[in-house]
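All heavy atoms count here, side chains included; hydrogens, waters and symmetry mates do not.
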Amino acid sequence: MIRKDQKKLNPKVQWAKFIVVTVLYLLFLLWLESWLGLIVLPFIFDAYITKKIKWQWWKETEGPVRFIMSWVDAIVFALVAVYFINLFFFQNYVIPSSSLEKSLLTGDYLFVSKVSYGPRIPQTPLTLPLTQHTLPFFNVKSYIEVPHWEYRRAKGLGEVQLNDIVVFNYPSGDTIMSDIAYQAQDYYRTVYTFGTGLMAQAHPGIDLGKMSVLQQRKFYDQAYALGRDYVVKNAGRFGIIDSRPTDRRENYVKRCVGLPGQTLQIKNKIVYLDGKPNKEPENVQYKYFVKLNGVSVADLLSDNYDALRKELGISDEDLKELGSLHGYDISAGNVLNEQALKYDGYMPLTKHAATELKRRGIAKEITPVTDRDVYAGPCYPLNAFTNWTGDNYGPIWIPAKGKSIDLTLANLPIYERCIKVYEGNDLQVKNDKIYINGKEAKRYTFKLDYYWMMGDNRHNSADSRYWGFVPEDHIVGKPLFVWWSSDPDRRGLSGVRWSRLFKWVDNIK
């Protein structure tokens, strides 16, 4: 029956279809600058003209085989189409955390364009569609690491611009702890935290500020070795130490606040680029100490204050953070200023929300948190003593492709990951000298552009201040608009943020 139908097909129509499809396919290959795909042309020719291969052989069968294969055919086609579209054109992305609030909210679903900055040729092509790195339910890798192709990117509509909101692969995700409870945690931060703690126990009263740069390097090398050894010995808790290729690392979304070649510094929370202050996002958030006025956190979480929370953009997560100051921060020794303990706690707020809480009598007293009040953890680079904090950081030069920098033991920790991990060089320090690929190096020329990413929720954002630069080969795409938004604090239709549907991300400044 199929053969009879095929004989009835108009040859001119088939040739026309073949020519149109072939031209479109060749234009696609030209865009990607990849001619390996030419091996597909004979199959396209056969599908339209010669028809030697029975692509739909199952249509000649009867009964359950035909029924089952029709579904298999439809599912495979859908998965291949989704895989192709996600790789080269666009992808959906959901905001999982509050790091960009109140610009992008937890529960926002984004339409992310790969074409805006140019899609990457897949480095790990053999991966299951609709998965990033782990197969749901089975907790195993959803990709095969061989073959692994070098980084290449097709031409896009533009480049990353200052203050763009960007989706990218998590740079520190090259190494992970495989236990599901720890996969999302920063391996390097975990290892250095354990290691420096063990070093401090072994050497009470140690003062890194009084050490030379070389002594500091040796201290952090030992701390890293001790921390890694601790994780390895506790594999039952952390899992094994594993790695992920660039395009299979977690997807993050932040705002680009520093471009290649710029010198960035943060002074009293304000980002400066080449000495000039960068414009803050309109809805930037910082933590504020709050002394409540006759109400409790439970009261504020109740339905009586639901309208207020909606109006001021205060989430349940924000309110629950009020308990950190007198709980975790005291037990962890994070309180640097005892005067802070007169407050009930702190929470992230916009300047408008902080003003309104005071004006409406919800808070007796409210004041910004500073880096002299609460310790927020070590900043990048983790293997150097800088005294930098999230509020006062740098100055730091952002590497640019083709640009060179003089290398010293003092600035090496800042650029070490770029040289070793992102650009694949062997780097060692021997007898106070730096060696790259076996040769003494006093200068280095970067192969990639790098970016500095930060969240708009400045005190609740794990960003470049804590894990460093984002290489260009980690850039995924640009969010265009919010196609759906669901408030995790509310259920049903009341949880739908109707006003955010189809909101253009470029309009969120």
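Within the 3.5 Å criterion, the main-chain N or O of Glu159 finds a donor-acceptor partner in the side chain of Gln161. With Ser99 contributing its side chain and Gly455 its backbone, the two residues share no donor-acceptor pair below 3.5 Å. A donor-acceptor pair is defined here as one N or O able to donate and one able to accept, closer than 3.5 Å; no such pair exists between the side chain of Ser98 and the backbone of Glu101. Put simply, the side chain of Thr246 never gets that close to the backbone of His474: no donor and acceptor are under 3.5 Å apart. The backbone N or O of Pro378 lies less than 3.5 Å from a partner atom in the side chain of Arg189, making a donor-acceptor pair. With Asn92 contributing its side chain and Phe111 its backbone, the two residues share no donor-acceptor pair below 3.5 Å. Distance alone, capped at 3.5 Å, is enough to place a donor-acceptor pair between the His148 side chain and the Gln123 backbone. Side chain of Thr389 to main chain of Asn392: a donor-acceptor pair is present (N/O by atom type, distance under 3.5 Å, no hydrogens or angles). With Ser494 contributing its side chain and Arg490 its backbone, the two residues share no donor-acceptor pair below 3.5 Å. Between the side chain of Lys51 and the main chain of Ala47, a donor-acceptor pair closer than 3.5 Å is present.
In terms of the side chain to side chain contact (heavy atoms under 4.5 Å, CB included) criterion, residue partners of Ser302 (sequence neighbours excluded) are, by chain and number, Asn304, Tyr305. Partners of Tyr451 according to the ring pair (Phe, Tyr, Trp, His ring centres under 6.0 Å) rule, which considers only residues two or more places apart in sequence or in another chain, do not exist here. By the side chain to side chain donor-acceptor pair (under 3.5 Å) test, Ser464 pairs with no residue at all, sequence neighbours left out. For Asn251, the side chain to side chain contact (heavy atoms under 4.5 Å, CB included) test picks out Gln91, Tyr93, Gln132, Val167, Asn169, Val476, with sequence neighbours left out. Take Tyr48 and apply the ring pair (Phe, Tyr, Trp, His ring centres under 6.0 Å) test, not counting sequence neighbours, and it matches no residue. Judged as a salt bridge (Lys or Arg N to Asp or Glu O under 4.0 Å), and not counting sequence neighbours, Asp274 has no contacts. Taking Tyr143 as the reference, nothing meets the ring pair (Phe, Tyr, Trp, His ring centres under 6.0 Å) condition, with sequence neighbours excluded. Applying the ring pair (Phe, Tyr, Trp, His ring centres under 6.0 Å) rule to His459 yields the partners Tyr286; only residues at least two apart in sequence or on another chain are considered. Scored by the side chain to side chain contact (heavy atoms under 4.5 Å, CB included) test, Cys379 finds Tyr393, Tyr466 as partners (sequence neighbours excluded).
The six-membered or imidazole ring of Tyr380 lies away from that of Trp388, with a centre-to-centre distance of 6.0 Å or more. For Tyr224 and Tyr192, the distance between ring centers is under 6.0 angstrom. Ring centers of Tyr182 and Tyr187: at least 6.0 Å apart, outside the cut-off. Taking the six-membered ring where the residue is Trp, the centroids of Phe469 and Phe446 are separated by 6.0 Å or more.
Residue pairs meeting the side-chain hydrogen bond (donor to acceptor under 3.5 Å, both in side chains) criterion with at least one partner in residues 16-41, sequence neighbours excluded, do not occur; the list is empty. Legend: side-chain hydrogen bond (donor to acceptor under 3.5 Å, both in side chains) pairs involving residues 414-423, not counting sequence neighbours, sorted by first then second residue: Asp174-Arg417, Tyr188-Arg417, Arg217-Glu416, Asn383-Glu416, Arg417-Tyr422, Glu423-Tyr444, Glu423-Tyr450. Identified under the side-chain hydrogen bond (donor to acceptor under 3.5 Å, both in side chains) test for residues 68-88, with sequence neighbours left out: none.
Leu300 has its side chain within reach of Ile362: a pair of non-hydrogen atoms, C-beta onward, lies under 4.5 Å apart. The shortest distance between side-chain heavy atoms of Val496 and Trp484 falls below 4.5 Å. Within the 4.5 Å cutoff, the side chain of Ile44 has heavy atoms near those of the Val21 side chain.
Residues Asp463 and Arg458 are not paired through a salt bridge, judged by the lack of any N-O separation under 4.0 Å between the basic side chain and the carboxylate. The pair Arg309-Asp316 meets the salt-bridge criterion, since a charged nitrogen lies less than 4.0 angstrom from a carboxylate oxygen. Between Lys478 and Asp506, at least one side-chain N (NZ, or NE/NH1/NH2) sits under 4.0 Å from a carboxylate O, which counts as a salt bridge. Between Arg255 and Asp456 there is a salt bridge, with a side-chain nitrogen of the basic residue lying less than 4.0 Å from a carboxylate oxygen of the acidic one.
Other residues, nucleotides and ligands place more than 12 heavy atoms under 6.0 Å from the CD atom of Glu311. Annotation: Lys503, atom NZ; neighbour count of heavy atoms from other residues, nucleotides and ligands within 6.0 Å does not exceed 12. At most 12 heavy atoms of other shown residues, nucleotides or ligands fall within 6.0 angstrom of atom NZ in Lys351.
Side chain to side chain, Arg153 and Tyr151 meet the donor-acceptor criterion of an N or O pair below 3.5 Å. In this structure, a donor-acceptor pair under 3.5 Å is absent between the side chains of Tyr375 and Asp329.
Ring-plane geometry between Trp467 and Tyr252 is classed as perpendicular, the angle between the planes exceeding 60 degrees on a 0 to 90 degree scale with a lower cut at 30.
With values rounded to the nearest 0.5 angstrom, Asp108 atom CG is found 5.5 Å from Arg497 atom CZ. Atom CG of residue Asn283 and atom CG of residue Leu104 lie 10.5 Å apart, to the nearest 0.5 angstrom.
A side-chain hydrogen bond (donor to acceptor under 3.5 Å, both in side chains) with Asn460 is found for one member of Glu317, Gln285, Glu321 and no other, namely Glu321. The only option from Phe502, Tyr109, Phe90 that meets the ring-ring contact (aromatic ring centres under 6.0 Å, His included) definition with Trp483 turns out to be Tyr109.
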**Request:** Please report the C-alpha distance between Arg500 and Asp487 in whole Å, then the side-chain angles of each, then the deciding distance to 0.1 Å, and finally whether the salt bridge (charged side-chain N to carboxylate O under 4.0 Å, His left out) criterion is met.
**Result:** CA-CA 11 Å; Arg500 294 189 67 78; Asp487 189 339; over 6 Å; no
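By the 6.0 Å and 45° rule, Lys254 does not stack over the aromatic ring of Phe168.
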